[in-house]
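Since the structure comes first, as structure tokens, the remarks are kept for the end.
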Amino acid sequence: MKKSILIVGAGAVGQVYAYHFAKAGYQVHLLLKEKYIAEAKQGFTLYHINQDKKRQQPISFNDFMCHSNWDSVAQHTIDQVWLCVSSTALVHVDLLAMKAAIKQATVMVLQPDPADVQRVKQVFDSAQVAGMINMISYYAPLVGEVVPKEGVAFWIPPIVPMPVEGQHQALTDVLAVLKDAQIPAMAQANFAAKNVHASSFLMVFLAVLELNNWHFKVLAHNKTQLKRMLQAQKEVFSALSAEYGTQPSYALRCLKAWMMPSILKIAQHIAPLDMEIYMEAHFLKVRAQTLMLLQAYEQRALQHQVSHEALSGLIKQLQAK
């Protein structure tokens, strides 16, 4: 009998995982706020950009059960729980009530900060697995797009496997589900601590990009801002290295301000969509998470007595915007 999977949060990410798991034959449950239950029961509309670049073939998805509280979840046997909410939303998830409802289920943590992984691990111990979202998903249409019906569009890079880590049995179970769902994935030991530098680079970049009105070209020509961005990033790397004992990759350590214009130009062609418009639309929705993580980096710098002037200045600019 196929496993039952609970998705906590049915936003642009949760819907995509739920769709793939249901298509693979798993029993899918969604935990949502009560105000979203009626809408969710009508089903979701998805656009699979890998197969439908023009977003003209809507996929109707309603093969799931909805829950608005842990008591409802507890009435079912759950094998895996996927936390598809932002770091800011995870703070409000009652992990003890969740543990009582899901019993021995494996918990998949998708949030970008190792602190989130650690918080979940304290409650669930060996039943916890961490991973990084390896897709682009958003509410369509973006500005300039035309789709038959509003929904969630997603693109899964075919050659970029989703890194996951965890203790043997839980990790094996998660990898098996991802394989069945045809989502590329691979085990990577100590992934959360190793990946923290890449995640921090993205958060600093998002903050600076927002300060430049989400335009790659504007940022590429703003040499002062680019230098400040890289200085803030160096400060974050130092703080995180002191915290986790890991080092940023060679590529991240070698980045220079003069390289950024070319990198930003290439970024426009990575995925089959307008990256500027996507990043503005998607990351403004989770802006609170970006700010929270930047402040967490600042706190770690303070704790480890690491220089953080550029980072603190960036945070103040973002708060004032």
Side-chain angles (χ1 to χ4, degrees), residues 11-13 85-91 110-113 115-116 132-133 135-145 152-155 195-237 239-240 248 252 255-271 273-301 308-321:
V13 171
V85 295
S86 67
S87 293
T88 49
L90 183 63
V91 171
L110 294 169
Q111 288 65 39
D113 192 340
D116 295 321
M132 183 179 72
I133 297 169
M135 71 175 78
I136 288 176
S137 59
Y138 63 91
Y139 290 98
L142 293 174
V143 174
E145 285 186 345
V152 167
F154 65 94
W155 178 67
N195 184 65
V196 68
H197 298 284
S199 294
S200 71
F201 180 86
L202 175 62
M203 295 304 144
V204 172
F205 173 70
L206 289 173
V208 175
L209 189 60
E210 180 179 344
L211 293 174
N212 285 267
N213 297 314
W214 302 95
H215 294 310
F216 290 169
K217 190 173 182 179
V218 172
L219 176 56
H221 287 86
N222 190 337
K223 294 183 179 179
T224 299
Q225 195 79 290
L226 286 173
K227 289 180 180 179
R228 287 175 179 171
M229 179 186 77
L230 293 179
Q231 180 57 40
Q233 194 58 75
K234 287 180 180 179
E235 294 171 357
V236 173
F237 286 164
L240 295 177
L252 289 177
L255 272 178
K256 305 297 181 184
W258 61 265
M259 299 177 183
M260 292 306 296
S262 295
I263 293 173
L264 294 174
K265 187 175 182 179
I266 293 171
Q268 282 282 51
H269 305 286
I270 291 176
L273 70 158
D274 190 311
M275 288 298 292
E276 282 187 342
I277 295 177
Y278 159 73
M279 294 186 82
E280 179 176 7
H282 178 73
F283 287 106
L284 277 179
K285 289 181 180 295
V286 293
R287 185 180 193 269
Q289 174 179 266
T290 302
L291 186 56
M292 185 182 82
L293 291 175
L294 290 173
Q295 291 171 328
Y297 303 149
E298 182 183 39
Q299 186 61 36
R300 287 166 188 154
H308 54 88
E309 287 81 4
L311 173 61
S312 296
L314 180 60
I315 292 172
K316 289 178 181 178
Q317 282 185 284
L318 199 61
Q319 290 173 322
K321 185 174 173 61

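Throughout, residue positions are numbered sequentially from 1 according to the sequence presented. Hydrogens, waters and symmetry mates play no part in the numbers below; they use all other heavy atoms, side chains included.
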Check whether any side-chain heavy atom of Trp214 lies under 4.5 Å from a side-chain heavy atom of Leu206, and answer yes or no.
-> yes

With a 4.5 Å limit on heavy-atom distance, are the side chains of Leu142 and Glu280 in contact?
-> no

Asn213 (side chain) donor-acceptor with His215 (main chain) under 3.5 angstrom | no

Leu211 side chain near Leu314 side chain, heavy-atom distance below 4.5 Å = yes

Which heavy-atom pair separates Leu318 from Glu210 by the least distance, and what is that distance?
-> CD1-OE1, 3.5 Å

Any Lys321 side-chain heavy atom under 4.5 Å of Gln317 side chain | no

Side-chain contact test, heavy atoms from C-beta onward, threshold under 4.5 Å: evaluate it for Phe201 versus Leu255 and give yes or no.
-> yes

Are Phe205 and Leu219 side-chain neighbours, meaning at least one heavy-atom pair lies under 4.5 Å?
-> yes

Taking the six-membered ring for Trp, are Phe237 and His197 parallel (under 30°), tilted (30 to 60°) or perpendicular (over 60°)?
-> perpendicular

Can you tell me how far the CD1 atom of Ile266 sits from the CE atom of Met275, to the nearest 0.5 Å?
-> 13.0 Å

Within-4.5 Å side-chain heavy-atom neighbours: Gln233 and Ser200 = yes

Looking at side-chain heavy atoms only, is the closest gap between Glu235 and Glu309 below 4.5 Å?
-> yes

Verify, without hydrogens or angle tests, whether Ser87 (side chain) and Gln289 (backbone) share a donor-acceptor contact under 3.5 angstrom.
-> no

Quick one: pull up CG in Leu291 and CE in Met203 and give me the separation to the nearest 0.5 Å.
-> 11.5 Å

Check whether any side-chain N or O of Glu276 sits under 3.5 Å from a backbone N or O of Phe216 as a donor-acceptor pair, and report yes or no.
-> yes

